K.L.:
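What follows is a single structure, and I will ask about it in a moment.
All ligand and atom numbering here is 1-based and tracks the order in the structure. Values below: all heavy atoms of this structure, side chains included; hydrogens, waters and symmetry mates excluded. Values in this document were obtained by computation on a predicted structure and should not be read as measured data.
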Amino acid sequence: MKHQYLKNQPDEKGYFGKYGGAFIPPQLEEEFNKITQAYLKLRKSADFLAELRSIRSHYQGRPTPVYYAKRLSEAIGGARLYFKREDLNHTGAHKLNHCMAEALLAKSLGKTKLIAETGAGQHGVALATAAAYFGLECEIHMGEVDIEKEHPNVVRMKILGAQVVPATHGLRTLKEAVDSAFESYLSQLDTALYAIGSVVGPHPFPLMVRDFQSVVGIEAREQFMEMTDGDLPEHVVACVGGGSNAMGIFSGFIDDPVELYAVEPLGKGTRLGDHAATLEYGQEGVLHGFKSILLQTEEGEPAPVHSIASGLDYPGVGPEQAYLRDIGRVNVRGATDEETVNAFYAISRYEGIIPALESAHAIAYAMQLAREKPDDAILVNLSGRGDKDIDYVVENFGIREVTL
Ligand SMILES: *Cc1c(COP(=O)(O)O)cnc(C)c1O
């Protein structure tokens with residue numbers, strides 16, 4: 001039956017198998033119950049769904065196309081590669097899909113403000129965009145170190161009218177930004193919604209963000225079948241940071257006989273601190289209000305992580321990805337920094353598409369899979385465009401030739 005899996009997962013407490021739940025302080029319980037109850041009603045509300053649909057087509061530019069990467073596929077001489085073009089979604093990535101919906105939820109709850117943390121600023125920019133659209137205030141917490149590193153995104157957020165609050169304690173990066181945003185949220189529960197940026201955090205966020213991203217998979221399945229006279233792809237590939245773009249495209253194919261691949265950043269080595277391959281190397285634990293697989297130090301602290309893609313360097317992963325791995329529904333794979341940069345140049349040169357470094361991880365693995373399965377079709381979620389990454393790539397890796 002259609003969407004059987006999505007109806008059954010998670011359970012009413014927000015668990016996907018043993019992962020998920022809501023590990024939150026008592027003063028937040030009532031508010032999170034309210035959000036959950038409101039959302040369970042809204043997801044069935046014709047008005048809510050109609051407004052989202054209208055925003056997606058008139059403002060975001062959806063549906064984004066599925067594109068057959070003919071030149072790259074033929075050059076590799078393997079499987080046919082197809083890209084779901086989330087880089088063409090307004091603001092240049094899939095993140096706006098859930099930010100617009102979270103902002104609409106906030107409005108429905110009578111809130112006037114959105115709060116979030118951001119690492120590289122991608123979630124901050126998408127949320128500031130949504131806030132501007134709905135006329136909501138927007139407060140983005142960001143580590144002082146990241147503010148300096150990610151200058152263009154900080155400027156974007158300010159232009160869009162967001163207040164950027166620097167986190168000035170500790171290492172002054174993402175972890176401190178989470179603490180800072182959380183503290184601020186606790187003092188304004190009546191007026192603000194904490195808008196989480198991936199399929200992570202306490203229930204109901206992994207459920208909501210998956211639902212909001214599922215538009216990617218639903219569209220892609222229809223589009224692919226239309227292009228191929230009713231076939232399904234044999235393989236669907238996506239990169240995984242928290243797991244939202246992957247859950248988005250996986251949602252469309254989860255009840256189909258299609259292999260799903262979650263591609264993690266293998267970075268520059270297997271040592272803790274040199275990668276962010278959580279599902280590959282992590283262990284069970286609790287972080288940021290939910291139970292999942294995490295990269296931890298021996299002391300049980302979140303481990304330092306590395307990836308050339310700032311959207312992937314998170315020491316945790318969404319609970320549903322952990323569950324789907326455990327039941328064998330999702331295959332966990334990886335791409336190193338080097339393989340990723342090669343893929344970045346490959347689709348730039350062969351297709352005229354500069355991908356986000358996050359998305360280039362998925363493409364790197366798909367290129368390998370294409371060689372192994374020459375008769376198949378592979379659909380990759382091209383989660384975002386790479387304009388944000390061009391200076392970093394050229395400064396650190398130079399202008400490169402492509403190896404296929
Ligand atoms: C943030 C980001 C990701 C990683 O987040 P997920 O929740 O794992 O999807 C991937 N691609 C792009 C372009 C991003 O901006």
K.L.:
Just how far is it from atom CG of Asn381 to atom NZ of Lys84, taken to the nearest 0.5 Å?
P.N.:
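Asn381 CG to Lys84 NZ: 8.0 Å, rounded to 0.5 Å.
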K.L.:
Quick test of your reading of the structure: of Lys95, Gln213, Arg385, whose heavy atom lies closest to atom 2 (C) of ligand 1?
P.N.:
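Going through Lys95, Gln213, Arg385 one by one, Lys95 has the nearest heavy atom to atom 2 (C) of ligand 1.
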K.L.:
Looking only at distances, can you tell me whether any N or O atom of Gly241, backbone or side chain, sits closer than 3.5 Å to an N or O atom of ligand 1?
P.N.:
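In this structure, Gly241 places an N or O atom under 3.5 Å from an N or O of ligand 1.
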K.L.:
A side-chain contact here means heavy atoms from C-beta on lying under 4.5 Å apart; do Glu338 and Ile308 qualify?
P.N.:
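The answer is no; the side chains never approach within 4.5 Å.
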K.L.:
Do any nitrogen or oxygen atoms of Gly243 come within less than 3.5 Å of a nitrogen or oxygen of ligand 1?
P.N.:
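Looking only at distances, the answer is yes, because the N/O contact criterion of under 3.5 Å is met.
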K.L.:
Please report whether ligand 1 has a polar contact with Gly242, defined as an N or O pair separated by less than 3.5 Å (distance criterion only).
P.N.:
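Indeed, backbone or side chain, Gly242 has an N or O that close.
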K.L.:
Closer than 4.0 angstrom: is that true for some heavy atom of His94 and an atom of ligand 1?
P.N.:
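Judged by the 4.0 Å heavy-atom criterion, His94 does count as contacting ligand 1.
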K.L.:
Atom 5 (O) of ligand 1: which protein heavy atom is closest, and how many Å away?
P.N.:
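Looking at atom 5 (O) of ligand 1, the protein heavy atom closest to it is Gly311 O, 4.0 Å.
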K.L.:
Has Gln283 got more than 12 heavy atoms of other residues, nucleotides or ligands less than 6.0 Å from its CD?
P.N.:
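Not more than 12 within 6.0 Å, no.
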K.L.:
For atom 10 (C) of ligand 1, find the nearest protein heavy atom and state the residue, atom name and distance (0.1 Å precision).
P.N.:
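Atom 10 (C) of ligand 1 sits closest to the protein heavy atom Glu358 CB, 3.5 Å.
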K.L.:
So which protein heavy atom does atom 12 (C) of ligand 1 come closest to, and at what separation?
P.N.:
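For atom 12 (C) of ligand 1, the nearest protein heavy atom is Ser383 OG, 3.5 Å.
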K.L.:
Could you tell me, atom by atom, which parts of ligand 1 come under 4.0 Å of a heavy atom of Cys239?
P.N.:
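Answer for ligand 1: 10 (C).
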K.L.:
Can you label the angle between the Tyr133 ring and the Tyr59 ring as parallel, tilted or perpendicular, going by 30° and 60°?
P.N.:
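Rings of Tyr133 and Tyr59: tilted, as their planes differ by 30° to 60°.
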K.L.:
Which of the numbered atoms in ligand 1 are under 4.0 angstrom from any heavy atom belonging to Gln122?
P.N.:
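Under 4.0 Å from Gln122, ligand 1 has these atoms: 15 (O).
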K.L.:
By number and element, which atoms of ligand 1 are closer than 4.0 Å to a non-hydrogen atom of Gly384?
P.N.:
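Listed by number with element, the hits are 13 (C).
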K.L.:
Got more than 12 heavy atoms from elsewhere within 6.0 Å of CG, Leu40?
P.N.:
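Enclosed: over 12 neighbouring heavy atoms sit under 6.0 Å from CG of Leu40.
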K.L.:
Please determine whether the number of non-hydrogen atoms from other residues, nucleotides or ligands lying under 6.0 Å from atom CD of Glu401 exceeds 12.
P.N.:
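Open.
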K.L.:
Evaluate whether atom NZ of Lys175 has more than 12 neighbouring non-hydrogen atoms of other residues, nucleotides or ligands under 6.0 angstrom away.
P.N.:
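No, NZ of Lys175 has 12 or fewer neighbouring heavy atoms, counting only those of other groups under 6.0 Å.
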K.L.:
Using a strict cut-off of 4.0 Å, indicate which atoms of ligand 1 neighbour a heavy atom of Ser244.
P.N.:
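What qualifies from ligand 1 is 6 (P), 7 (O), 8 (O), 9 (O).
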K.L.:
Side chains of Phe83 and Ile347: does their closest heavy-atom pair fall under 4.5 Å?
P.N.:
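Heavy-atom side-chain distance check passes, below 4.5 Å.
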